[in-house]
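Reviewing the structure listed below.
Letters A, B, ... mirror the listed sequences (proteins, then strands); counts begin at 1.
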There are 2 protein chains.
Amino acid sequence: MNEPQTRDAELTRGRILEAALDLFVDKGFADVSMREIAERCGVTKSLIHHHFGSKDALWEAVKEHAFAMYALDQKTELEQATNADAKLLRDGVVKYFEYLRDNPKVVRLLAWSHLEGDESCGEMDAELVRLGSERVRQTQEAGIFRNDVNPTHVVCTFVHVCTHWFEARSHHAQWPGIGSDDEFRDDFLKIFMRGLARTDSD
Amino acid sequence: MNEPQTRDAELTRGRILEAALDLFVDKGFADVSMREIAERCGVTKSLIHHHFGSKDALWEAVKEHAFAMYALDQKTELEQATNADAKLLRDGVVKYFEYLRDNPKVVRLLAWSHLEGDESCGEMDAELVRLGSERVRQTQEAGIFRNDVNPTHVVCTFVHVCTHWFEARSHHAQWPGIGSDDEFRDDFLKIFMRGLARTDSD
DNA sequence: GCCCTTATTGACCGGTCGGCCAGTTAATTG
DNA sequence: CAATTAACTGGCCGACCGGTCAATAAGGGC
């Protein structure tokens with residue numbers, strides 16, 4: 001509070017975004033007040049209005065910022081992939097699973113956005129899914145994966161499993177016989193990879 | 001509004017619960033006001049307090065009521081199952097998928113509860129998961145399913161896929177190449193059932 | 001018919017909400 | 001070194017929040 005107060009608009013915007021992200025992720029948009037955000041990052045409520053205009057605009061800015069980083073991370077991950085084979089998909093699932101595990105804020109932000117019916121983040125994912133399902137299609141054409149399933153649905157399946165595993169973590173933590181993150185991921189991969197493999201009957 | 005106003009406490013409680021459910025499902029707990037609920041079901045705000053005590057208590061009552069019906073539906077579905085084989089699990093997945101499709105309010109209510117960190121509904125599901133994974137274990141012992149995966153994780157997998165498919169529906173509606181509910185369900189089942197099947201190498 | 005319980009109402013409370021605005025103060029520029 | 005710009009503050013506004021309370025009225029038991 002009593003720091004030299006160097007005036008840096010970009011830094012201040014960043015601090016506001018960070019505080020807002022933490023609170024929105026934790027409690028959702030409606031349950032967070034501008035006063036809380038202001039207090040958390042040591043700034044006046046008026047200043048947030050000065051930089052972002054309104055609470056809604058701040059919410060949009062928070063989501064845009066977080067999802068842009070998410071999309072960037074995922075896209076670089078996808079693009080450095082080389083040949084399309086089973087190992088590629090397996091590694092992709094592991095990477096995605098670990099990304100969500102290490103970025104719980106993204107998971108929750110996506111969940112809040114889903115409930116709000118926000119469609120903008122869906123557009124962002126569309127490009128990633130397109131890239132991913134294209135890899136699956138190539139692996140199908142190479143005769144490694146069965147080709148009687150929609151490649152987009154293949155991507156959907158593991159995305160849903162990974163996402164909801166972390167979304168509902170507190171929910172199923174007490175389920176009897178449930179294992180750790182890694183144990184579940186490995187069991188899912190066993191089922192998923194064998195389920196995708198091509199057999200003689202295909 | 002100007003109806004004869006027959007005084008029926010139980011009916012009034014029911015109407016309040018229904019209006020509150022609709023609004024909470026739509027906008028979440030924090031973004032719904034007691035005034036809105038009162039207006040929607042044509043009673044005074046004070047009357048809601050009279051019957052339920054507080055907004056928090058109403059929220060708990062809404063969840064308790066909705067989840068009790070959900071648990072009842074699922075349990076009767078599970079208990080009428082007979083012999084444990086692959087078809088039983090397949091039918092179980094189809095039933096669960098269709099249940100969520102036909103009860104979108106339950107899906108959203110569960111999602112809000114997850115984000116709030118509500119643990120009470122997890123306890124409810126624990127019993128259902130225990131029943132389901134027991135069936136899977138039996139099918140493993142019968143030599144039909146592979147036995148190198150945790151039965152609870154098998155149940156988790158399809159629950160996550162079904163739940164998140166409907167939770168994120170608005171999100172992935174615009175994904176390229178995505179199919180209908182039924183098409184996705186069938187593709188998932190292809191992968192899931194083959195992934196679980198026992199092979200010679202097991 | 002009377003009485004007691006309780007479902008139901010409307011007015012009201014202190015508090016918090018998002019947003020606004022008139023100032024103040026620190027950097028930039030010419 | 002002024003002058004301009006923009007970051008930043010504090011106080012205020014009307015609206016709305018959840019909750020309370022005294023008054024009213026309908027119904028059921030005697």
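- In summary, the side chains of A:D118 and A:W112 do not present any donor paired with an acceptor at a separation below 3.5 Å, with no hydrogens or angles considered.
- Per the geometry, CZ belonging to A:F52 stands 16 Å off C1' belonging to C:dG18, to the nearest Å.
- The cationic group of B:K55 lies under 6.0 Å from the six-membered ring centre of B:F29 and within 45° of the ring axis, placing it in a cation-pi geometry.
- Here the CD1-CZ distance, from A:I48 to A:R13, works out to 12.0 Å after rounding to the nearest 0.5 Å.
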- Summarise protein proximity over nucleotides 15-20 of chain D in one line of letters, 5' to 3': B for base, S for sugar-phosphate only, - for none, counting protein heavy atoms closer than 4.0 Å. --BBBB

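- A salt bridge links A:D148 with A:R146; the closest basic N to acidic carboxylate O contact falls under 4.0 Å.
- Between the two ends of the helix from C:dC3-D:dG28 to C:dG30-D:dC1, each summarised by a five-pair axis, the helix axis turns through 10° (rounded to 10 degrees).
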- Applying ring-ring contact (aromatic ring centres under 6.0 Å, His included), run through B:H172 and A:H160 and close with a yes or a no. CA-CA 11 Å; B:H172 58 227; A:H160 288 328; 5.3 Å; yes

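- The CD-C1' distance, from A:E39 to D:dT9, rounds to 16 Å in whole Å.
- Atom CD of A:Q174 sits in a crowded spot, with more than 12 heavy atoms from other residues, nucleotides or ligands closer than 6.0 Å.
- Residues A:E123 and B:W175 bring no donor and acceptor atom of their side chains to less than 3.5 Å of each other.
- The closest side-chain donor-acceptor pair between B:E167 and A:H164 falls under 3.5 angstrom.
- Here C:dC17 presents its C1' atom at 16 Å from CG of A:L23, a figure rounded to the nearest Å.
- No side-chain donor-acceptor contact under 3.5 Å links B:S54 and B:D56.
- Between the side chains of A:N103 and A:Y70, no donor-acceptor pair of N or O atoms lies under 3.5 Å.
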Short heteroatom pairs, N/O only, protein and nucleotides 4-7 of chain D, under 3.5 Å:
{"residue": "D:dA7", "atom": "OP2", "partner": "A:H50", "partner atom": "NE2", "Å": "2.5"}
{"residue": "D:dA7", "atom": "N3", "partner": "A:R7", "partner atom": "NH1", "Å": "2.9"}
{"residue": "D:dA7", "atom": "N3", "partner": "A:R7", "partner atom": "NH2", "Å": "3.4"}

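- For the pair B:L11 CG and D:dA26 C1', the computed distance is 16 Å after rounding to whole Å.
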